[in-house]
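In what follows, every chain begins at residue 1, and chains take the letters A, B, ... in the order their sequences are listed.
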Amino acid sequence: NAGVTQTPKFQVLKTGQSMTLQCAQDMNHNSMYWYRQDPGMGLRLIYYSASEGTTDKGEVPNGYNVSRLNKREFSLRLESAAPSQTSVYFCASSSTGGTGELFFGEGSRLTVL
Amino acid sequence: QKEVEQNSGPLSVPEGAIASLNCTYSDRGSQSFFWYRQYSGKSPELIMFIYSNGDKEDGRFTAQLNKASQYVSLLIRDSQPSDSATYLCAVNTPRNFNKFYFGSGTKLNVKP
C-alpha cells in the first residue's frame, strides 16, 4: 500500500523556471492538500481540494497553481519560481469524516537559485 | 495572530521523565485537535487526536483539551530517546473543515 506518493523528491531550479510537483494517493480519499514547510514556520497550507473538481486557496497561495486531475492526483505548479519558494513541500490526503487524519507524502525538497 | 501557537523549544527532558508539550489556538469554534510527530527529514505522522474536553490516553501519550482556555497539550510519559522529534499541533474548524492549521512545532530532545 503506497499511501501518498510525491515526485520529484529533490529539485533545483533557477529563478524564473517552472515546474510541477506531482502527488497521487491510493486510499480513495476525497480531500488532498499541498503544504510547504520552512524552518521555524511549521506547515503552511498552499492549496487544498475538498473533492474531485474543486480547489481552494490556503494560507500562502501566491505564486502557485494547482490541478485536481482526478480523485487520485493533485498537482502543484510553480509558473515562475522565486528564491522565496525554496522549501520542503508536502502533499497530504484525508478522508471525509473519520478521524480527519492527514496522511502525508515523503516530501519534495525544492531549491530555487 | 496565528491560528495555532506553540513554543518552538527545544524542550529537553531526561530519559524516563514526563515531557509536556503545549499548544494554544485562536478560533473558539475549533473542534478537532491533532498531534503529529515529525522526525528530522521525515514527514509528519499522527500520534493523537482529541475532540472532547478532558484527557485521552494512548499508551505513553496523553492528550489534554481545554476548550474554555483554548489550550491543548500532549504529555509523554517515560520519555525515550526515540521520542526526540518535533511535535506539531494541528487544529480543524467546522467553518473550514478541510483546512488544518498547524503550529510551528516544538522540538523535543530526550537525553539518555
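Connection of B:Y101 to A:M32 is not established within any shared hydrophobic cluster, with ILVMFWY side chains joined at heavy-atom distances below 4.5 Å, either directly or through further cluster members. If you chain together hydrophobic residues whose side chains sit under 4.5 Å apart, B:L75 and B:L21 never meet in one group. Follow the hydrophobic side-chain contacts under 4.5 Å out from A:Y33 and you never reach A:Y89; the two are in separate clusters. Linking Ile, Leu, Val, Met, Phe, Trp and Tyr whenever their side-chain heavy atoms come within less than 4.5 Å puts B:L88 and B:Y51 in one cluster. Hydrophobic clustering (side-chain heavy atoms under 4.5 Å, transitive across Ile, Leu, Val, Met, Phe, Trp, Tyr) groups A:V66 together with A:I46.
Across all their heavy atoms, B:S43 and A:F104 have their closest contact at CB-CB, 3.9 Å. Between B:F34 and A:E101, the shortest heavy-atom distance links the atoms CE2-N, 4.2 Å.
In this structure, the separation between OG1 on B:T86 and CD on A:Q37 is 8.0 Å, given to the nearest 0.5 Å. How far CG of A:L45 is from CD of B:E3: 11.0 Å, rounded to the nearest 0.5 Å. Here the CG atom belonging to B:N92 is positioned 8.5 Å from the OG atom belonging to A:S94, to the nearest 0.5 angstrom.
Enclosure of atom CD in A:E106 is not indicated, since only 12 or fewer non-hydrogen atoms of other residues, nucleotides or ligands lie within 6.0 angstrom. For A:R109, the CZ atom sits in a loose shell: 12 or fewer heavy atoms of surrounding residues, nucleotides or ligands are nearer than 6.0 Å.
In this structure, B:Y36 contributes its side chain and A:L102 its backbone to a donor-acceptor pair below 3.5 Å.
Of the two parts of B:Q6, neither the backbone nor the side chain holds a non-hydrogen atom closer than 4.5 Å to a non-hydrogen atom of chain A.
At a threshold of 4.5 Å between non-hydrogen side-chain atoms, the residues A:F90 and B:Q38 count as touching.
Taking the six-membered ring where the residue is Trp, the centroids of B:F102 and A:Y35 are separated by under 6.0 Å.
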